[in-house]
Amino acid sequence: MKKLPIGIQTFENLILEGFAYVDKTRFVKELASQGKYYFLSRPRRFGKSLFLSTLKAAFEGKRKLFKGLFLEDNWDWDQIHPVIHISFGSGVMRSVADLKIRFESILEDHIEAYDVKTSKQDLRELFSQLIKLLYRKTGQKTVVLVDEYDKPILDSIHNTELAVEIREELKNYYSVIKDSDACIRFVFITGVSKFSKVSLFGGKNNLEDITVSSEFSAICGYTQGELESVFKAYLTGHNLDDVRTWYNGYAWLGEMVYNPFDILLFLKKGVFSNYWFESATPTFLIKLLMARKYRVPDLNTLQVQNS
């Protein structure tokens with residue numbers, strides 16, 4: 001019986017260390033075949049980081065990791081692409097200076113890993129140069145993956161002035177992606193919120209938003225079939241109707257899914273509880289509601305339009 005992948009966010013570690021894996025690699029094929037620029041918003045602890053890690057392993061040509069998975073026989077493993085993986089998930093950025101230090105560190109890690117010589121000091125120019133240099137060095141276009149794109153803003157969402165400053169600095173970085181189109185093979189950006197694509201990414205039609213898409217509703221999370229197949233041994237002795245009632249109910253206009261963190265902790269402990277909500281409450285939203293003195297009951301009548 002394979003181990004439960006609680007908190008595992010790296011695809012390579014999950015596979016090599018014998019954790020159970022719900023095969024989401026068909027989505028890698030679909031995304032790479034159908035388009036180039038994607039945006040996905042999902043709540044925290046829903047598997048976004050693991051999916052980005054899966055994309056990274058695929059584009060880097062690590063075929064051995066995909067043995068027995070959908071992608072093993074449905075991917076061109078001769079095409080190996082350089083990957084820039086940016087994550088703002090860890091730590092708290094309390095200023096623009098903190099953001100600059102973090103982004104510079106991320107870029108320097110990639111410069112060292114790919115052993116390229118850069119000449120730019122400005123972070124925007126350095127990011128742009130890195131994308132181009134990796135393309136020239138490898139002969140393959142660069143893949144850019146961004147995890148928790150919005151976290152630096154959310155860290156200061158209660159401080160409007162600072163949040164705007166950080167947003168503008170991020171916009172400066174993200175605009176590089178659009179300007180580097182000729183050197184880019186694929187882009188996937190995730191976060192927990194959906195700030196205007198116009199204001200952050202410099203072009204409304206640049207990113208395909210698959211957040212509310214029936215086709216990709218199950219890209220993160222476990223469907224009922226996946227749960228019963230992959231975790232069959234752990235479900236022995238449990239009433240599936242009760243499990244479904246407690247945990248299966250998240251949907252984005254498509255098939256409903258289980259939150260991985262919730263259901264995995266239930267399978268480990270065997271006790272029904274609100275595991276995900278207890279540890280992943282959107283504090284940024286609570287702070288914002290309190291700061292704006294917004295009446296929670298009014299949320300029932302709130303209507304949101306596309307922007």
Side-chain angles (χ1 to χ4, degrees), residues 7-17 28 32 36-38 48-66 75 77-153 155 166 169-191 200-201:
I8 306 300
Q9 299 183 8
T10 305
F11 176 72
E12 185 168 0
N13 290 347
L14 186 149
I15 298 298
L16 294 180
E17 296 176 18
V28 174
K36 183 174 180 179
Y37 295 94
Y38 295 98
K48 302 186 301 298
S49 297
L50 177 58
F51 186 72
L52 253 69
S53 180
T54 308
L55 283 167
K56 183 175 185 290
F59 279 110
E60 289 179 339
K62 297 182 178 181
R63 183 173 186 172
K64 292 182 179 180
L65 298 177
F66 294 86
W75 191 255
W77 297 104
D78 292 327
Q79 298 292 317
I80 299 176
H81 294 268
V83 178
I84 298 176
H85 184 197
I86 298 167
S87 176
F88 290 118
S90 62
V92 176
M93 279 155 275
R94 297 181 175 86
S95 65
V96 173
D98 284 350
L99 173 60
K100 288 181 176 180
I101 291 172
R102 172 68 61 79
F103 191 54
E104 183 177 21
S105 176
I106 291 171
L107 296 180
E108 288 179 347
D109 285 344
H110 286 80
I111 291 169
E112 181 179 354
Y114 284 100
D115 191 25
V116 292
K117 303 294 183 182
T118 58
S119 59
K120 305 296 184 181
Q121 298 297 319
D122 177 81
L123 292 181
R124 184 186 186 282
E125 293 181 358
L126 182 60
F127 184 23
S128 176
Q129 184 181 42
L130 178 60
I131 292 172
K132 295 179 176 65
L133 287 175
L134 294 184
Y135 177 29
R136 292 171 189 167
K137 179 173 182 176
T138 64
Q140 296 291 340
K141 293 186 177 182
T142 304
V143 171
V144 179
L145 308 175
V146 182
D147 196 10
E148 303 279 8
Y149 87 97
D150 51 351
K151 188 174 182 300
I153 301 173
D155 284 343
I166 290 176
E169 187 66 21
L170 282 172
K171 180 180 177 180
N172 193 37
Y173 305 153
Y174 293 144
S175 64
V176 168
I177 296 173
K178 180 183 179 181
D179 294 341
S180 304
D181 178 71
C183 300
I184 287 179
R185 164 64 180 88
F186 184 87
V187 172
F188 198 87
I189 297 173
T190 75
L200 261 182
F201 300 110

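Index from 1, following the sequence. Scope of the values below: all heavy atoms of this structure, side chains included, with no hydrogens, waters or symmetry mates.
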Subject >> Side-chain heavy atoms of Phe88 within contact of Arg102, under 4.5 Å >> reply: yes

Subject >> Closest non-hydrogen atom pair, Val28 against Ala58 >> reply: CG1-CB, 4.0 Å

Original post:
What distance do Thr138 atom OG1 and Ile80 atom CD1 have between them, rounded to the nearest 0.5 Å?
Top reply: 10.0 Å

Original post:
Any donor and acceptor pair, going by atom type alone, linking the side chain of Ser53 with main-chain N or O of Ser49 inside 3.5 Å?
Top reply: no

Original post:
For Lys132, what residues pass the side-chain contact (heavy atoms from CB on, under 4.5 Å) criterion, not counting sequence neighbours?
Top reply: Ser128, Arg136, Ser180, Cys183

Original post:
Does any non-hydrogen side-chain atom of Phe51 lie less than 4.5 Å from one of Thr190?
Top reply: no

Original post:
Which distance, rounded to the nearest 0.5 Å, do you find between the CG of Leu130 and the OG1 of Thr142?
Top reply: 7.0 Å

Subject >> Any Tyr173 side-chain heavy atom under 4.5 Å of Lys100 side chain >> reply: yes

Original post:
Are any side-chain N or O atoms of Lys137 and backbone N or O atoms of Tyr114, one a donor and one an acceptor, separated by less than 3.5 Å?
Top reply: yes

Original post:
How would you list, by chain and number, every residue that makes a side-chain contact (heavy atoms from CB on, under 4.5 Å) with Asp98, sequence neighbours excluded?
Top reply: Met93, Arg94, Ser95

Original post:
Thr54 side chain to Leu50 main-chain N or O, any donor-acceptor pair under 3.5 Å?
Top reply: yes

Subject >> Residue of the set Leu134, Val116, Ile106 for which side chain to side chain contact (heavy atoms under 4.5 Å, CB included) holds with Ile111 >> reply: Val116

**OP:** Report the distance from atom NE2 of His85 to atom NE2 of His110, rounding to the nearest 0.5 Å.
**Re:** 7.5 Å

Original post:
Hey, is the main chain of Pro82 close enough, under 3.5 Å, to the side chain of Arg185 for a donor-acceptor pair?
Top reply: no

**OP:** Let me see the working for Val83 and Leu145 under side chain to side chain contact (heavy atoms under 4.5 Å, CB included), right down to the final yes or no.
**Re:** CA-CA 7 Å; Val83 178; Leu145 308 175; 3.8 Å; yes

**OP:** Could you tell me which non-hydrogen atom of His81 sits nearest to which non-hydrogen atom of Gln79, and how far apart they are?
**Re:** CD2-O, 3.8 Å

Original post:
Can you list every salt bridge (charged side-chain N to carboxylate O under 4.0 Å, His left out) pair that touches residues 103-131, not counting sequence neighbours?
Top reply: Arg124-Asp179

**OP:** Would you please indicate yes or no on a ring centroid separation below 6.0 angstrom for Tyr174 and Phe127?
**Re:** no

Subject >> Lys36 side chain to Asp181 backbone, donor-acceptor under 3.5 Å >> reply: yes

Original post:
Can you say whether the rings of Phe59 and Trp75 are parallel (under 30°), tilted (30 to 60°) or perpendicular (over 60°)?
Top reply: perpendicular

**OP:** Could you tell me the separation between the CD atom of Gln140 and the CG atom of Asp78, rounded to the nearest 0.5 Å?
**Re:** 10.0 Å

Original post:
Any side-chain heavy-atom pair from Asp150 and Glu148 closer than 4.5 angstrom?
Top reply: yes

Original post:
Are any non-hydrogen side-chain atoms of Tyr37 and Ile189 less than 4.5 angstrom apart?
Top reply: no

